[in-house]
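Values below: all heavy atoms of this structure, side chains included; hydrogens, waters and symmetry mates excluded.
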Amino acid sequence: MRIVCLGGGPAGLYFGLLMKLRDPANRVTVVERNRPYDTFGWGVVFSDATMENLRRADPVSARLIGEAFNHWDDIDIHFKGRTLRSGGHGFIGIGRKKLLNILQARCEEVGVELVFDTVVEDDQSLARQYDADLLIAADGINSRVRSAYAETFEPDIDLRRNRFVWLGTEKAFDAFTFAFVQTPHGWFQAHAYRFEPGLSTFIVETPEPTWRAAGLDRMSQEEGIRYCESLFAPWLDGKPLMSNARHLRGSAIWIRFPRVICKHWVRWNALDTPRGRRDVPVVLMGDAAHSAHFSIGSGTKLALEDAIELADSLRDVTAGQALRPALQRYEDVRAVEVLKIQNAARNSTEWFEHVDRYAALDPEQFAYSLLTRSQRISHENLRLRDPRWLQDYEAWLATRAGVHPAQDRRPPPPMLTPYTARGVTLKNRIVVSPMAMYACKDGVPGDFHLVHLGGKALGGAGLVMVEMTCPSPDARITPGCPGLWNDEQAQAFARIVDFVHGHSDARIGIQLGHAGRKGSTQLGWQQMDHPLPDGNWPLLSASALPYLPGISQTPRAMTRADMDRVRDEFVAATRRAAAAGFDWLELHCAHGYLLSSFISPLTNRRDDGYGGDLEGRLRYPLEIFAAMRDAWPADRPMSVRISAHDWVEGGITADDAVAIARRFKAAGADMIDCSSGQVSPDQQPVYGRMYQTPFADRVRNEAGIPTIAVGAIFEADHVNGIIASGRADLCALARPHLADPAWTLREVARIGYTDVAWPVNYLAGKRQLETNFARAAATPPPASSRSDT
């Protein structure tokens with residue numbers, strides 16, 4: 001094949017090298033605009049796993065790169081006058097210039113043609129000039145090729161919030177170093193690492209408003225560098241900061257990171273070439289196709305792995321034969337892998353963009369939050385990397401929760417630390433989430449609910465929540481939903497509460513809510529959200545808007561008289577819940593039900609004092625909450641479930657969720673249960689594991705109120721990471737508890753922690769379960785089932 005690589009960075013050079021190694025008959029040309037040894041930036045960093053990929057692809061260049069690398073395992077975090085070190089992370093750094101020199105020399109050695117100091121304005125002319133079968137566009141993050149064919153590649157470029165500058169220093173750091181400095185203008189942070197003897201990369205970043213408030217936008221390059229030297233003097237040991245971008249003037253060295261995503265990576269151009277008219281593909285690679293924030297590694301890692309995958313995809317391709325499917329395979333495989341990295345990078349980027357959100361954390365928890373910010377490093381992964389550090393952290397966290405583990409005993413995992421709200425202490429952080437069972441008759445819970453809720457209480461959770469329970473018959477979602485509008489229902493619930501209190505050490509709570517426009521529908525396993533075939537009751541909502549247009553019943557917009565009646569029904573139900581002995585009360589203001597319909601602008605079109613801006617839309621839900629709080633015992637906690645995001649343009653966003661939480665906190669709420677969606681059938685959620693936890697994180701750390709995280713949390717590792725990082729205070733699990741009422745006890749056994757109480761009747765099962773998990777952990781999997789990742 002005749003291959004032209006436009007761009008002589010790591011992607012173009014490494015791909016050219018691999019293709020020449022795979023078949024010496026390939027004619028490979030790399031065209032670069034800079035001179036042979038010109039480059040900008042300082043060092044790049046890889047993980048040990050990336051080096052393994054390089055060794056498999058080309059052992060010779062991997063050896064040369066490895067010999068030039070500086071290796072370290074530790075991360076140092078400097079925050080509030082403290083230094084916290086965690087080990088076992090396995091990083092390697094190399095100077096960007098050194099890396100390019102190695103790849104250039106290796107390319108020349110195997111016969112790749114390198115053409116320097118050549119600016120290419122027209123990629124099609126370049127392809128014709130070299131009679132190319134394949135043109136690789138590895139021309140960087142500001143790719144001209146990507147811009148020229150934007151209609152094909154469909155790039156999505158997001159300039160991130162922070163400004164950063166890429167500097168160097170002669171201070172040799174012995175760990176990957178994060179240093180945080182608070183100024184009157186806001187937080188600055190440095191990312192620093194050694195990449196060769198006597199030289200380190202030193203990246204400084206800060207949010208744009210802080211950068212401007214500090215006057216850096218008006219400083220010359222030299223003044224800006226001196227400003228950074230003064231900020232980070234405690235870690236520079238008198239060494240200066242240096243720039244190798246002297247060609248840039250003023251504050252131009254400070255840039256915003258462009259997150260690049262391309263929908264497609266391959267374009268075919270019909271060209272007249274010396275061998276006739278042919279379709280020649282243009283293929284994006286490296287930063288031209290995608291970018292990932294420097295806080296989780298380097299774009300160089302992704303670029304080299306692109307090159308490996310494309311070379312593998314082309315292994316059996318000769319000129320013009322099977323080229324299309326090979327390039328499609330490359331795009332399909334790499335797009336998935338890059339998406340994983342970019343999702344992690346998004347989490348990491350947002351963490352560094354909002355350091356102020358976590359600044360109130362103690363240094364220990366701040367460090368844990370930083371280490372796990374991308375969600376690629378989990379709690380148990382940290383244990384593998386640095387078991388001593390994590391055990392010390394678990395002991396610190398347990399002590400904060402009032403547990404003082406003995407020196408010779410393993411501290412409890414974060415999920416098993418107690419939590420106290422008002423006069424109620426939960427034995428651990430696990431909540432059985434409210435889940436609609438549709439099993440009541442006339443709102444009365446019977447034997448099913450006794451077994452359902454009682455079984456969950458015996459299964460180890462700290463708090464068991466009853467599903468949304470309605471204060472009146474017309475407040476129900478379905479005819480099978482529970483109610484608390486009469487004494488028969490209250491007595492039935494008291495029977496369940498007494499069982500939980502008498503046979504377990506769990507606490508039990510109840511969620512009160514009104515279905516609003518989503519009421520009078522069929523049971524969940526029938527046509528969900530569709531009206532009953534007959535016997536429908538009238539509906540109320542903030543505005544006269546049906547949930548499913550053309551299908552759902554149209555509700556009546558509530559009058560003030562309706563509001564008074566519904567408020568009084570909530571208060572009466574609250575009093576019955578208290579008399580039944582419930583430990584915890586939650587008000588349902590989410591999922592498009594009545595109170596949610598007031599909060600969301602998608603469902604509230606009122607023109608009175610209960611509509612309009614967020615203040616008006618919150619007025620009635622806050623009125624309900626205040627009346628319930630007055631009726632609920634002062635020593636028992638109340639939480640509020642909100643939809644923290646509607647997942648519809650023009651609906652509630654995470655910013656609104658923080659404001660909503662602040663208002664409920666001021667009204668006396670003890671905790672916010674952060675769910676999302678189900679307000680509009682037009683929603684487009686972005687699903688994934690723990691996908692709603694960022695809402696709990698923001699509400700907790702910006703509004704300053706404890707939160708419950710929900711949504712695709714299904715492993716002990718998830719819960720431990722969420723609690724340990726301070727992203728939420730409790731974790732509510734729904735479906736995992738439907739599959740296994742003893743989820744908590746099983747998961748604790750699975751992670752090897754045995755110091756946990758079981759119901760005495762089940763102790764034989766405890767020993768067997770722990771033994772089985774211990775045996776499984778001691779037995780390696782068959783070779784065929786092992787993973788390289």
Side-chain angles (χ1 to χ4, degrees), residues 346-347 350-351 353-361 365-366 368-369 372-373 375 414 419 421-422 426 429 431 433-434 463 465 509 511 513 584-593 595-596 598-601 614-615 617-618 621-622 625 629 637-647 651-679 685-686 688 690-713 718-719 721-733:
R346 181 193 63 240
N347 296 333
E350 290 179 355
W351 195 96
E353 289 174 343
H354 298 282
V355 168
D356 56 335
R357 182 185 298 162
Y358 306 104
L361 298 177
Q365 193 164 48
F366 182 90
Y368 183 100
S369 178
T372 59
R373 67 195 180 278
Q375 297 185 35
Y419 181 81
R422 298 199 183 226
L426 308 179
R429 307 301 182 103
V431 179
S433 196
L463 176 63
M465 290 295 297
Q511 184 188 75
W584 193 290
L585 179 63
E586 180 165 280
L587 176 61
H588 203 324
C589 292
H591 299 169
Y593 296 129
L595 299 182
S596 171
F598 274 86
I599 297 172
S600 175
L614 184 60
E615 187 75 16
R617 301 196 309 270
L618 275 171
L622 286 168
F625 177 85
R629 182 68 265 183
M638 272 190 72
S639 57
V640 180
R641 173 166 280 203
I642 66 171
S643 284
H645 204 297
D646 287 344
W647 301 109
I652 291 295
T653 67
D655 289 338
D656 297 317
V658 173
I660 292 165
R662 287 189 176 120
R663 290 304 312 275
F664 277 110
K665 175 186 177 184
D670 300 292
M671 185 168 280
I672 301 296
D673 188 352
C674 296
S675 186
S676 70
Q678 303 181 52
V679 171
V686 180
M690 301 182 286
Y691 74 105
Q692 296 180 134
T693 299
F695 303 135
D697 183 355
R698 284 202 59 183
V699 167
R700 182 184 192 270
N701 292 301
E702 291 185 32
I705 182 171
T707 58
I708 303 174
V710 305
I713 300 168
H718 298 163
V719 179
I722 290 168
I723 301 303
S725 62
R727 304 177 76 197
D729 300 272
L730 302 176
C731 288
L733 293 81

Engineer: Does the T372 side chain pair with the main chain of Y368, one donor and one acceptor, at a distance under 3.5 Å?
Structural biologist: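 Side chain of T372 to backbone of Y368: a pair is present.
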Engineer: Any pair with a residue in residues 637-646 that passes salt bridge (charged side-chain N to carboxylate O under 4.0 Å, His left out), sequence neighbours left out, goes on the list, sorted by first then second residue, please.
Structural biologist: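 Listed by first then second residue: E586-R641, R641-D673.
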Engineer: Rounded to the nearest 0.5 Å, what separates atom CE in M690 from atom CD1 in I722?
Structural biologist: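 Between atom CE of M690 and atom CD1 of I722 there are 5.5 Å.
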Engineer: Restricting to non-hydrogen atoms, name the atom on I723 and the atom on C731 that form the minimum distance, rounded to 0.1 Å.
Structural biologist: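 Heavy atoms only, the tightest pair is CD1-SG, 4.1 Å.
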Engineer: Please say which of F598, F625, F664 ends up in a side chain to side chain contact (heavy atoms under 4.5 Å, CB included) with L618.
Structural biologist: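 Answer after filtering F598, F625, F664: F664.
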Engineer: Quick one: closest heavy-atom pair of V710 and S675, and the distance?
Structural biologist: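 Looking at all heavy atoms of both residues, the shortest contact is CG2-CA, 3.7 Å.
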Engineer: Any chance you could lay out the side chain to side chain contact (heavy atoms under 4.5 Å, CB included) test for R373 and E350, step after step, and finish with the verdict?
Structural biologist: CA-CA 9 Å; R373 67 195 180 278; E350 290 179 355; over 6 Å; no
Engineer: Between D697 (side chain only) and T693 (backbone N and O only), is there a donor and an acceptor less than 3.5 Å apart?
Structural biologist: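 Absent.
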Engineer: I'd like to know if the side chain of R429 reaches the main chain of P414, judged simply by a donor and an acceptor atom lying under 3.5 Å from each other, with no hydrogens or angles considered.
Structural biologist: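 Looks like no, no N/O pair under 3.5 Å.
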Engineer: Go through the steps for Q692 and C674 under the test side chain to side chain contact (heavy atoms under 4.5 Å, CB included), then give the verdict.
Structural biologist: CA-CA 7 Å; Q692 296 180 134; C674 296; over 6 Å; no
Engineer: Rounded to the nearest 0.5 Å, what's the gap from CD on Q365 to CZ on R727? Could you check?
Structural biologist: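 Going from the CD atom of Q365 to the CZ atom of R727 covers 12.0 Å.
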Engineer: Give the intermediate values and the outcome of side chain to side chain contact (heavy atoms under 4.5 Å, CB included) for residues R357 and R698.
Structural biologist: CA-CA 8 Å; R357 182 185 298 162; R698 284 202 59 183; 3.4 Å; yes
Engineer: Keeping the roles fixed (side chain from D670, backbone from S639), state whether a donor-acceptor pair exists under 3.5 Å.
Structural biologist: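 Between the backbone of S639 and the side chain of D670 there is no qualifying donor-acceptor contact (under 3.5 Å).
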Engineer: Give me the atom names and distance for the closest heavy-atom approach of P434 to Q511.
Structural biologist: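 Smallest interatomic distance, heavy atoms only, reads CG-NE2, 3.6 Å.
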Engineer: Run the side chain to side chain contact (heavy atoms under 4.5 Å, CB included) check on I599 and C589 step by step: do they pass?
Structural biologist: CA-CA 8 Å; I599 297 172; C589 292; 4.0 Å; yes
Engineer: Hey, what do you get for CE (M671) to CD1 (I708), rounding to the nearest 0.5 Å?
Structural biologist: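 One finds 5.5 Å between CE of M671 and CD1 of I708.
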Engineer: Would you call the rings of Y691 and W647 parallel, tilted or perpendicular, taking 30° and 60° as the class edges?
Structural biologist: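 Geometry flag for W647 against Y691: tilted rings.
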Engineer: Is the backbone of E702 close enough, under 3.5 Å, to the side chain of R662 for a donor and an acceptor to pair up by distance?
Structural biologist: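 Such a contact is found between R662 side chain and E702 backbone.
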Engineer: Hey, could you give me the CG/NE2 distance between L733 and H718, rounded to the nearest 0.5 Å?
Structural biologist: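 L733 atom CG to H718 atom NE2 measures 10.0 Å (nearest 0.5 Å).
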Engineer: What distance separates I660 CD1 from D655 CG, expressed to the nearest 0.5 Å?
Structural biologist: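 Output value for this atom pair is 10.5 Å.
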Engineer: If you compare all heavy atoms of L426 against all heavy atoms of W584, which two are closest, and at what distance to 0.1 Å?
Structural biologist: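 Shortest heavy-atom separation between L426 and W584 comes out as CD1-CZ3, 4.1 Å.
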Engineer: Work out which heavy atom in N701 is nearest to a heavy atom in G726; give both atom names and the distance.
Structural biologist: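 The pair with the smallest heavy-atom distance is ND2-O, 3.1 Å.
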Engineer: Rounded to the nearest 0.5 Å, how far does CZ of R346 lie from CD of E353?
Structural biologist: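 So the CD of E353 and the CZ of R346 are separated by 11.5 Å.
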Engineer: Can you check whether A644's main-chain N or O pairs, donor with acceptor, with S676's side chain at less than 3.5 Å?
Structural biologist: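 Answer holds: no.
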Engineer: Minimum heavy-atom separation for T707 to A728, with atom names?
Structural biologist: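 Scanning both residues completely, I find the closest heavy atoms to be OG1-CA, 3.4 Å.
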